[in-house]
Structures are given as C-alpha cells and as structure tokens.
Number of protein chains: 2
Amino acid sequence: MEENASALEQCDYMHLHDKVIEQVQEEMPQEEILYDLAELFKVFGDSTRIKILYVLFQSEMCVCDIAQLLHMSQSAISHQLRVLKQAQLVKYRREGKTVFYALADAHVNTILNQGLEHIEE
Amino acid sequence: MEENASALEQCDYMHLHDKVIEQVQEEMPQEEILYDLAELFKVFGDSTRIKILYVLFQSEMCVCDIAQLLHMSQSAISHQLRVLKQAQLVKYRREGKTVFYALADAHVNTILNQGLEHIEE
DNA sequence: CATTCATATGAATAATTGTTCATATGTTTA
DNA sequence: TAAACATATGAACAATTATTCATATGAATG
C-alpha cells in the first residue's frame, strides 16, 4: 500500500534520456487520477461483479433475480451492487418493494470487450 | 471467494421473462472466461501497476529506471512487473545486466483510455 | 398497524495481496 | 574467478476484501 520512497540504492545511472524523463512526467496523469483509475479497475477485478455486469447487459434486473441467476445469496449480490453503484457502473430505480438495477453507461461494455479481446489474444 | 449456492430463500417469483433468462444463459461467457477476465482487470486494479503501464507507454524502460521515476524500490517494481508479465501486458528483453520492459500490445492503451473516459464522466 | 416481502447493511472471518527485507540468480568486468 | 551490478524471488507482515450471518430499513397488503 505504501508507495513511499526508500529508493536509495538504485542503479548507477539512468538509461533514459532527459527528454524521455521530461515527457513521462508531462504525459503522466495526476496522482489522484491514477489512483481513481486503479479503483475503477479494481471493481472489474472480481468475477461476481463481472457476472452481474454481463447479466445486466441483457436486461434491467432486480437484486433477487440476479441472485437466482447467479446462484448466490441476496446479501452477497446486494453488497456487490453497492460497489458497482459507488463506481457509477450501475444505476437503479425503485418500484414498490423491488429495486431494479441497470448498466449506467456504454463504457462498461467497451471495457469488458477490450478485456475479452486481450485474453483471447 | 465462494460463489456457491445457498440461494434457498429468494424472492417468491422471478420478474424476468423466460426469454430473458434463456438469453442471459446463452450470451453469458463461460465461467472460466469470466474468471480470466476478472483476473485481467485485477491487474489493472493497482495504482503502482497503472503507473508502470503509463510510464512504459512513453518508452521501453529498465526496472531500475522505472523504480527511480516512480520513487519506489527495485524489489517492489520487480514484483509488479512479474504480475504484468504474467498477464501478458508487458514483454521484456535482456541486454547485458539490464532488462528492458515494454508494453505488450495495444489493448493496454485502449483499456486505460476507456477507464479514464469513465472516471471523467 | 402488524405482517410479509425485497433489499440494505454492520460485524466477523477467511482469503488475497502489495511492500519490505534478505538473499539468490545472472551478467559483466577487472 | 572474484567483485560489482541489475534483476528476481521467497518469506513475512499489514492491509484490503468477498462472503456469510444476523438484523435493520422500506414498502405493500391484509
């Protein structure tokens, strides 16, 4: 978790040209952005959540239906939907006792597809 | 970790039409694919690794240069490069004592960019 | 308003993971 | 071949996390 220094004893000289070093520091998104980006991908990094996203890609769905489709407990799904909701990957609407979840936007699908393309080499 | 059942007491009836259920089961990638997909995104789900990828996007680079640029220890970077290598996100070549790492393919950049687009709403 | 149903949530636990430290491996050079 | 350097790796530890269990909240219905 610590991304602190202690970078005391590194290699003798850098292989990089000054120009590259400068460019890296210039092109590199801000620390906070990079952190948020990692947080976002962390959300995709769980197979239960991936399944939920795929299921919602077919249709809006209530918590209980998702649980049954994935053979998992209502509580587990609800906890994960919370994570997806916080990452703004899903949205929801209430209808009486029931809460329906749906994908929030199109990025979700693009990201999943790029991932698929990669693992299929 | 357990994605087992215990889905005994769910809601009384399903809101979904049979057609949707059928389609979900049809369109859903195989269990193993979904697992691999989660594994891939898990790799993106760490800010140190994200930084390494961004840095390598500028230029091929040796372990030690990366460590200095990111103000982290050689060991930490090496461990993370191992993870990136296993996920086939980076490739490497040896030149004497030095090992140079580079991005493996173009998907990496697409995935990162989609992620960025999402967090920038 | 009490009951029932759907969902959310807090605490607890087991499993996973990122970094450090110490050390091993592999390569060059004196 | 010994020393120096660049990288890799194993063990240990702290921190994070996914699920379960028990229970709370919120809405409909008798």
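Numbered from 1 within each chain, the chains take letters A, B, ... in sequence-line order.
- One interatomic measurement links the two molecules: CE of B:Met61 to P of D:dA6, which rounds to 17 Å at whole-angstrom precision.
- With sequence neighbours excluded, the residues that form a side-chain hydrogen bond (donor to acceptor under 3.5 Å, both in side chains) with A:Gln88 are B:Glu121.
- Here B:Thr48 reaches the OP1 or OP2 of C:dT19: one of its side-chain N or O atoms lies under 4.0 Å away.
- As a whole-Å value, the separation of B:Gln74 CD from C:dG26 P is 15 Å.
- A straight line from CG of B:Asp46 to C1' of C:dT16 spans 13 Å, rounded to a whole angstrom.
- When the nearest nucleotides of DNA chain D are assigned to A:Glu95 and B:Cys62 by heavy-atom distance, the more 5′-ward of the two goes with B:Cys62.
- If you take CD1 on B:Ile50 and CD1 on A:Ile33, they are separated by 12.0 Å, rounding to the nearest 0.5 Å.
- Distance B:Ile77 CD1 to D:dT9 C1': 15 Å, rounded to the nearest Å.
- When rounded to the nearest whole Å, the span between CZ of A:Phe100 and P of D:dA27 equals 15 Å.
- For the residue pair B:Cys62 and B:Thr98, the shortest heavy atom distance occurs at CB-CG2, 3.3 Å.
- Residue B:Tyr101 is classed as a sugar-phosphate contact, given heavy-atom separations below 4.0 Å to backbone atoms only.
- Using a 4.0 Å heavy-atom distance criterion, A:Ser78 is classed as a base contact.
- In this pair, A:His107 and B:His118 present their aromatic rings perpendicular. The plane angle is above 60°, beyond the 30 to 60° band.
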Listing time: all N or O pairs from protein to nucleotides 10-12 of chain C that are below 3.5 Å?
unit_1, atom_1, unit_2, atom_2, d
C:dG10, O6, A:His79, NE2, 2.9

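- For A:Glu22, the CD atom sits in a loose shell: 12 or fewer heavy atoms of surrounding residues, nucleotides or ligands are nearer than 6.0 Å.
- One can place CG of B:Leu70 at 15 Å from P of C:dG18, the figure rounded to the nearest angstrom.
- Taking the six-membered ring for Trp and thresholds of 30 and 60 degrees, B:Phe100 and A:His15 have ring planes more than 60 degrees apart, a perpendicular arrangement.
- For C:dG18, the OP1/OP2 oxygens have a side-chain nitrogen or oxygen of B:Arg49 closer than 4.0 Å.
- The residue among A:Glu39 and A:Arg94 whose nearest nucleotide of DNA chain D lies closer to the 5′ end is A:Glu39.
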*Derivation and outcome, side-chain contact (heavy atoms from CB on, under 4.5 Å), residues B:Leu89 and B:Leu40*: CA-CA 9 Å; B:Leu89 296 177; B:Leu40 174 65; 4.0 Å; yes
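- The CE atom of B:Met72 sits 15 Å away from the C1' atom of C:dC21 (whole-angstrom rounding).
- In this entry the distance linking CG of B:Leu81 with P of D:dT9 reads 11 Å, nearest Å.
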